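For reference, the structure is listed below as structure tokens.
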2 protein chains.
Amino acid sequence: MLQHSILDTLPRELRKEALESIQVMRFPPGKILFRAGEHCQGLPLMLSGAIKVQMTGVSGNSIVLYRMGADDICTLSIGCLMTGYGYRAEAIVDEEAEAAMVPRGLFDRLMDQSAAFRLGIMESYGRRLDDLMLLVEEVAFRRMDERLEEWLQARRSPIHITHQELAVELGTAREVVSRLLKELERKGRVSLARGKIDVSG
Amino acid sequence: MLQHSILDTLPRELRKEALESIQVMRFPPGKILFRAGEHCQGLPLMLSGAIKVQMTGVSGNSIVLYRMGADDICTLSIGCLMTGYGYRAEAIVDEEAEAAMVPRGLFDRLMDQSAAFRLGIMESYGRRLDDLMLLVEEVAFRRMDERLEEWLQARRSPIHITHQELAVELGTAREVVSRLLKELERKGRVSLARGKIDVSG
DNA sequence: TCCGTTCAGTGATAAAGTCACATTGACCCA
DNA sequence: TGGGTCAATGTGACTTTATCACTGAACGGA
């Protein structure tokens, strides 16, 4: 169950302690791992699956910030744990996910004793930073029709999603997505059905 | 010169090594520390001053992502060093800054041997993540007139800045800033001069 | 089959971004 | 000291995106 995870790289002693004190959990799609404002209940180290992190603005609009995959450690939880503040965003499972919940004490020991673990942390942070920088640029400067088309092209057709969910992916309003999709349909690029988008080509 | 920096917390031996191998540098306002695409020349650990990090989109528009201050370590440089990719953004000095340039080897040793240093790194990452998440929300959902007014209120009047520079701070177009400022002037909230904004109240 | 609910479509209007060009102010320098 | 130059600002026209207020269509029970 822990095969191919970053924990495999630990020296024998530490690995033993890790395997004893961590709790492996399995989450179904749609499961909410945490909500904005809640406090950290442990550091999830992802073993498999995909989890999206999204935030909701004061206006009530939401946007997907980034996704976590295997070997990512939840950087938001680290921050939450360090500062004692609540989460600023929420995490929702996309694809059935397994995660090792690492207790605080073990986290500190891993940071102290394993260079590989530290590297994993830094990589997770690096990816998050990169994701967010790219997102800022997208949201600030790119056209919505281009972003929508790219999003659609990046998945396998047919795509099962509502316009509202797609709006959250892109950080815009549902009406905007509906109109742009209708326009794409008129151009023959997609065909639309309730909760489903077929991309041509 | 290194008083009150994170390096003070190091154990004697490590501190000695640090003081020998780091190079303290001083940068004047306007100095460009690095540009997009360049490769990392060392990890800056800021001792004083303020540095802004901004990125330019494919469209040619720019936006300020966040600012670094004393005790921040440049997370962008860490990522750059780890992955070997070039910088995705550029860093420009706002207020005269001093920074200790930490060589790769020392960085690794500090990570390995100083919990305080690790904590500093994590805090820097945490702040960056937080800054960027807030920025995404701002850019995606908030009205430009509100953002502009908040930005103005957060400084001491008179503010010496051009509309173009202000546009980069907010991630919008110069014309938008000019129009919104003119509107504020009509309402008596500011008075405008070339390169200067006086905020009333 | 009716009913409630979620999902999608759309007109009207406002806010923001883009393009093109006019005007203004600061400064240099002959 | 009067031009000349250039960066900074102003603005009209138009497009894109966001918001508000609905309407209608599809689905899933009861």
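Proteins come first, then strands; the chains are lettered A, B, ... in the order of their sequence lines, and each starts at number 1. Only a predicted model underlies this, so the values are computations on that prediction, with no experimental measurement involved.
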Margin query: From CD1 of A:Ile159 over to C1' of C:dC7, roughly how many Å is that when rounded to an integer?
Written below: 17 Å
Notebook entry, point to check: Reading DNA chain D 5' to 3', which nucleotide is the first, and which the last, to come under 4.0 Å of any heavy atom in chain A?
Noted result: D:dT16 to D:dC27
Notebook entry, point to check: Start at the 5' end of DNA chain C and walk down; is the nucleotide closest to B:Arg194 or to B:Asp145 reached first?
Noted result: B:Asp145
Item checked: For the student: nearest non-hydrogen atoms of B:Ala50 and B:Ala97, plus distance -> N-CB, 4.3 Å
Next item on the list: Using the ring of B:Trp151 (Phe, Tyr or Trp, six-membered ring only), decide whether B:Arg147 places NZ or CZ under 6.0 Å from its centre and within 45 degrees of its axis.
Entry: no
Next item on the list: Using whole Å, report how far NZ of A:Lys196 lies from C1' of C:dA8.
Entry: 15 Å
Check: Any Lys/Arg nitrogen of B:Glu98 or B:Arg26 sitting under 4.0 Å from an Asp/Glu carboxylate oxygen of the other?
Finding: yes
Checklist line | Sidechain N-carboxylate O distance under 4.0 Å for A:Arg128, A:Asp131 | finding: yes
Notebook entry, point to check: Are A:Glu169 and A:Arg67 close enough for a salt bridge, meaning some N to O gap below 4.0 Å?
Noted result: yes
Next item on the list: Using atom NE2 of B:His163 as one end and atom P of C:dT24 as the other, report the distance to the nearest whole Å.
Entry: 16 Å
Next item on the list: Kindly give the heavy-atom pair with the smallest separation between B:Val176 and B:Met144, and that separation in Å.
Entry: CG1-CG, 4.1 Å
Margin query: Please evaluate residues A:Leu132 and B:Leu65 with respect to the criterion side chain to side chain contact (heavy atoms under 4.5 Å, CB included), reporting the C-alpha separation (whole Å), side-chain torsions for both, the decisive distance (0.1 Å), and the verdict.
Written below: CA-CA 10 Å; A:Leu132 286 174; B:Leu65 297 173; over 6 Å; no
Checklist line | Salt-bridge criterion met for A:Arg142 and A:Glu137 (N-O under 4.0 Å) | finding: no
Check: Relative to the 5' end of DNA chain C, which residue comes earlier, B:Asn61 or A:Ile161, by the nucleotide with the nearest heavy atom?
Finding: A:Ile161
Notebook entry, point to check: Taking CD from A:Gln164 and P from C:dT5, how many angstroms apart are they, rounded to a whole number?
Noted result: 18 Å
Next item on the list: Mind calculating the distance between CG (B:Leu192) and P (C:dT24) to the nearest angstrom?
Entry: 16 Å
Margin query: With the threshold set at under 4.0 Å for non-hydrogen atoms, list the residues of residues 169-187 of chain B touching DNA chain C in residue-number order.
Written below: B:Thr172, B:Glu175, B:Val176, B:Arg179
